[in-house]
**Q** 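One structure, pasted below without further comment.
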Amino acid sequence: MNKDTILAHAGRDPARYQGMVNTPVFRTSTVLFPTLEDYEHRGDDRFSGVRYGRHGTPTTQALEEAVAQLEDGHRAVALPSGLAAIVCALNAYVTAGDHLLVADCVYSPTRHFCDARLKPNGIEVEYYDPLVGAGIDRLFRPNTRAVFCESPGSLTFEVQDIPAIAQAARARGIAVLADDTWGTPYFFPAFARGVDVSVHSATKYIVGHADAMMGLIVTNEKHWLRVRQTVADHGYSVSPDDCYLALRGFRTLGVRLKHQMQSAIKLAAWLKSRPEVKRVLYPALEGDAGHAIWKRDFTGAAALFSFVLQPAGEKQVSAFINALKLFGIGSSWGGYESLAVLARVEQHRTATKWNPGGPTIRLHIGLEDPDDLISDLDQAFASAKSAT
Ligand SMILES: *Cc1c(COP(=O)(O)O)cnc(C)c1O
């Protein structure tokens with residue numbers, strides 16, 4: 001089935017709910033069993049049925065089923081945030097004495113978790129050059145358990161050669177984990193590219209309306225129970241109301257992503273033509289360093305990219321961002337609204353140097369008219385100029 005058809009049909013079963021189009025919101029803690037014998041065997045289905053609220057209700061399962069089907073994975077589990085999903089995915093693979101490889105372009109709270117929680121617990125965390133490709137093989141040690149990827153990095157947009165990394169890892173029985181928030185289950189076929197465990201901040205495009213926090217982990221069959229049991233051991237539980245919101249966002253994921261991608265390409269190309277701009281970092285743009293691998297491995301691009309200003313003082317940068325009227329200043333992305341932040345990347349690199357040659361601004365392009373957004377950027381450049 002085409003992904004757009006999956007978006008409309010997956011995770012719902014009207015015949016089960018008196019014809020209701022959407023899976024209703026089921027709230028519960030306690031689930032009652034007809035006999036003691038049934039109760040004693042409640043765990044036998046290994047996370048398939050409903051046994052206690054913390055493990056999910058039919059609403060949670062509808063979302064999990066839908067996302068697993070969209071990404072063509074084995075199964076999915078919902079978590080209260082994207083970061084919770086990253087934490088569980090990593091904790092499923094490494095314990096004291098293990099070696100973990102993490103891409104140097106990784107989302108900074110992921111890096112903080114590795115440095116502040118994993119390292120003091122005796123795990124050797126090694127950051128690697130995101131562009132290492134098949135060369136990852138040289139970094140493997142006898143105690144390497146997992147490689148964590150993030151492609152493209154959500155500030156610098158370096159595209160990783162995940163198939164090459166996965167091929168090297170698979171030959172040694174090392175798990176490949178990837179933060180696929182940018183690629184989404186719609187634009188990046190993670191499992192076909194060799195990923196074992198695909199992690200998403202559903203807060204971004206899946207929820208899509210900046211009104212709920214959610215994480216999702218999708219795995220292939222081999223890795224499912226290990227990850228699912230780790231999530232259960234951490235005690236995470238997701239509200240059925242939030243799952244309902246995520247499922248509502250899921251239905252329109254395709255139209256939003258395709259529309260926002262077209263706008264983002266238009267804005268990125270416009271920015272590239274501006275004298276104030278030194279570089280645009282967006283794999284969907286021809287001429288971008290990651291364009292070839294992106295074109296090979298992805299079927300589309302999130303509307304999130306960065307651009308580097310010509311060397312300018314901080315004063316001009318803040319004048320530029322503060323002058324924006326349609327772009328909000330704030331964390332997150334993937335909603336219907338446009339956002340701008342200053343990407344302070346340099347302080348977050350250890351394995352590689354990141355020196356783009358000027359201040360880096362990250363934009364998320366929402367559902368506004370792209371020409372209105374271009375006018376907004378245009379007037380902000382004018383404001384920045386008069387601030388010198
Ligand atoms: C936002 C984000 C996360 C964390 O997700 P939350 O839902 O905010 O916890 C992880 N990875 C990337 C790439 C993100 O952009």
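Atoms within a ligand are numbered from 1 in the order they appear, just like the ligands themselves. Side chains included, hydrogens not; waters and symmetry mates left out as well; all remaining heavy atoms used. Sequence positions, counted from 1, serve as the residue numbers for this chain.
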**Q** Ignoring angles and geometry beyond distance, decide whether S154 reaches within less than 3.5 Å of ligand 1 through its nitrogen or oxygen atoms.
**A** no
**Q** Taking 4.0 angstrom as the limit and counting only heavy atoms of S81, give me the atoms of ligand 1 inside it, by number and element.
**A** 7 (O), 9 (O)
**Q** Does a sphere of radius 6.0 Å around NE2 in H112 hold more than 12 heavy atoms from other residues, nucleotides or ligands, not counting ones at 6.0 Å or beyond?
**A** no
**Q** Tell me which one of R170, R226, K222 satisfies salt bridge (charged side-chain N to carboxylate O under 4.0 Å, His left out) with D196.
**A** R170
**Q** Could you walk me through whether D98 and Y93 pass the side-chain hydrogen bond (donor to acceptor under 3.5 Å, both in side chains) check?
**A** CA-CA 9 Å; D98 290 344; Y93 290 90; over 6 Å; no
**Q** Applying ring pair (Phe, Tyr, Trp, His ring centres under 6.0 Å) between H364 and each of F305, W182, Y205, report the one that passes.
**A** Y205
**Q** Would you mind checking if E276 and K385 are paired as a salt bridge, meaning a charged N to carboxylate O distance below 4.0 Å?
**A** yes
**Q** Considering non-hydrogen atoms of the protein only, which is the closest contact for atom 8 (O) of ligand 1, and what is the distance?
**A** M213 CE, 3.5 Å
**Q** Out of H99, R141, K119, which residue meets the side-chain hydrogen bond (donor to acceptor under 3.5 Å, both in side chains) rule with E124?
**A** R141
**Q** Checking a contact table here: which protein heavy atom is nearest atom 15 (O) of ligand 1, and how many Å away?
**A** K204 NZ, 2.7 Å
**Q** Starting from atom 13 (C) of ligand 1, which protein heavy atom do you reach first, and at what distance in Å?
**A** D179 OD2, 3.5 Å
**Q** Could you check whether any heavy atom of W333 sits closer than 4.0 Å to an atom of ligand 1, since that is the contact criterion I want to use?
**A** yes
**Q** Looking only at protein heavy atoms, which one is nearest to atom 7 (O) of ligand 1, and what is the separation?
**A** T203 OG1, 2.6 Å
**Q** Ion pair present between K258 and D4, side-chain N to carboxylate O less than 4.0 angstrom?
**A** yes
**Q** Say whether I86, considering both its backbone and side-chain N or O atoms, lies within less than 3.5 Å of an N or O atom on ligand 1.
**A** no
**Q** Any idea which protein heavy atom is nearest atom 5 (O) of ligand 1, and the distance to it?
**A** S201 OG, 2.9 Å
**Q** In terms of residue, atom name and distance, what is the protein heavy atom nearest to atom 9 (O) of ligand 1?
**A** L83 N, 2.9 Å
